[in-house]
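So the structure is just underneath, and the comments pick up after that.
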Number of protein chains: 2
Amino acid sequence: MEYQEAKEKFINTWGSLGSLWGINKAMAQIQALLFISPKALSMEDIMEELQISRGNTSMNLRQLMDWGIVSKELVPGERKEFFTTQKDVQELARIVAKERSRREIQPVVKVLQEVSSIKDDGTEKTKELIKQTQALHELTESADAMLNTLVNQKQNWITKSLVKLLK
Amino acid sequence: MEYQEAKEKFINTWGSLGSLWGINKAMAQIQALLFISPKALSMEDIMEELQISRGNTSMNLRQLMDWGIVSKELVPGERKEFFTTQKDVQELARIVAKERSRREIQPVVKVLQEVSSIKDDGTEKTKELIKQTQALHELTESADAMLNTLVNQKQNWITKSLVKLLK
DNA sequence: TTAAACTTTCAAAAATTATTGAAAGTTTAA
DNA sequence: TTAAACTTTCAATAATTTTTGAAAGTTTAA
């Protein structure tokens, strides 16, 4: 497999993975492109490479910046803006995990908390609702806490233990 | 908040969470409904409760069965089929994690493996592609292995330690 | 200033994905 | 058998999401 083919394969796979996870294709592809590019790219570069429109590029770059995984870079002597993505995969994982927790997990935890706190009127269906949402609430909270713990420190003892275990 | 409101809130939240994660709304809602229902429900029950068509219900129930989180239940004396979902949240998490790993993570790992193995032609861009996809490959594999480890045994020492740590 | 270089916005169009409902298929009781 | 009870399939339609492209907005060099 040659460079060009490998590059396209990576960008496409990353793109469809993105859409599977609720991130749109263009956004995931832009990030993938920047991720393997040795130097910062301009909007023109990205449009050309991925064959997408200016508007699309602009909007998705903005979203990537909102997520905190892409940033603008000033190139001396150049008028236009250049973009780079976070290149360290660990740091990238940390940011993505944190953002997903904030955007997606937290609101659900809140609803589960509310729903599982309704007053027990003694009926079987109410009992079941409370029991099941409570269990889900506990699970979601532990999973989220676990994610944050694993993700918030570079090399804590848990990670070390896990890494050892997995060898 | 009364039972009916809590129920609707839970089903809706679960439904939109689903679509955010690449699972369609009806599928997530059906699972949510079964999850808080004290007894198995028929297709009629589900259609009525969620206000969706017969075809939609049938197709999504099938998908949930493919995932292994919903099963048919035979009710003596009844002609139609009844459905239940896995009620144990731990077991549910285990199944979902396993399926997502199989369906989504594995194929990506394979592509990363292939792409990061192209021959190094000495150019900067090829070096960057190899380096970055290799790093991503390693990260993805450890994350997947970690997920499987955490999920495949009910109460191993890691889980115990984590639970202790999070208290 | 001004005008060229560049970016953002957003309504319309295109693409994708989900849903419907009725016909076809299957199972079971009699 | 057969016909009623039930489920599945799938082409058509609806809903949602993404993308486009041109106009409006912004920045900077001169």
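Please read all numbers here as calculations on a predicted model, not as lab measurements.
B:N60 has its CG atom 15 Å from the P atom of C:dG21, to the nearest Å. We find that NZ of A:K72 is positioned 8 Å from C1' of C:dT7, with the value rounded to whole Å. The distance between atom CD of B:E44 and atom P of D:dA5, rounded to the nearest whole Å, is 12 Å. Separating the CD atom of A:E78 from the C1' atom of D:dT27 is a distance of 15 Å, rounded to the nearest angstrom. Counting to the nearest Å, the C1' atom of D:dG21 and the CE atom of A:M47 are 10 Å from each other. One interatomic measurement links the two molecules: CD of B:Q51 to P of C:dT20, which rounds to 9 Å at whole-angstrom precision. In this structure, CE of B:M43 is placed 14 Å from C1' of C:dT27, rounded to the nearest angstrom. As rounded to whole Å, 9 Å separates atom P of D:dC10 from atom CZ of B:R62.
Within the shown strands, C:dT9 is the pairing partner of D:dA22 under the Watson-Crick or G-U definition, both distances less than 3.5 Å. Nucleotide C:dA3: paired with D:dT28 (Watson-Crick or G-U wobble, both distances less than 3.5 Å). Taking a pair to require two hydrogen-bonding distances under 3.5 Å in either a Watson-Crick or a G-U wobble arrangement, C:dT19 pairs with D:dA12. In this structure, D:dT17 forms a base pair with C:dA14, meeting either the Watson-Crick or the G-U wobble geometry with both donor-acceptor distances under 3.5 Å.
Judged by distance alone, with hydrogens and angles left aside, A:R79 brings a side-chain donor or acceptor within reach of the base of D:dT27, the pair sitting under 3.5 Å.
At the heavy-atom level, A:N24 lies under 4.0 Å from the strands shown only through sugar-phosphate atoms.
Toward the 5′ end of DNA chain C lies the nearest nucleotide of A:K80, the other residue of the pair A:K80 and A:M59 mapping further downstream. Nearest-nucleotide positions on DNA chain C for A:K25 and B:N56 put A:K25 closer to the 5' end.
For the pair B:K39 and B:E73, the salt-bridge criterion is not met [side-chain N within less than 4.0 Å of a carboxylate O]. A salt bridge does not link A:K127 with A:E124: every distance from a Lys NZ or Arg NE/NH1/NH2 to an Asp or Glu carboxylate oxygen is 4.0 Å or more.
The neighbour count for A:K87 NZ, taken as heavy atoms of other residues, nucleotides or ligands under 6.0 Å away, is above 12.
Remark: the A:S142 side chain and the A:E138 side chain contain no N/O donor-acceptor pair separated by less than 3.5 Å.
One finds the CG atom of A:L61 at 4.5 Å from the CD1 atom of A:I30 (value rounded to the nearest 0.5 Å).
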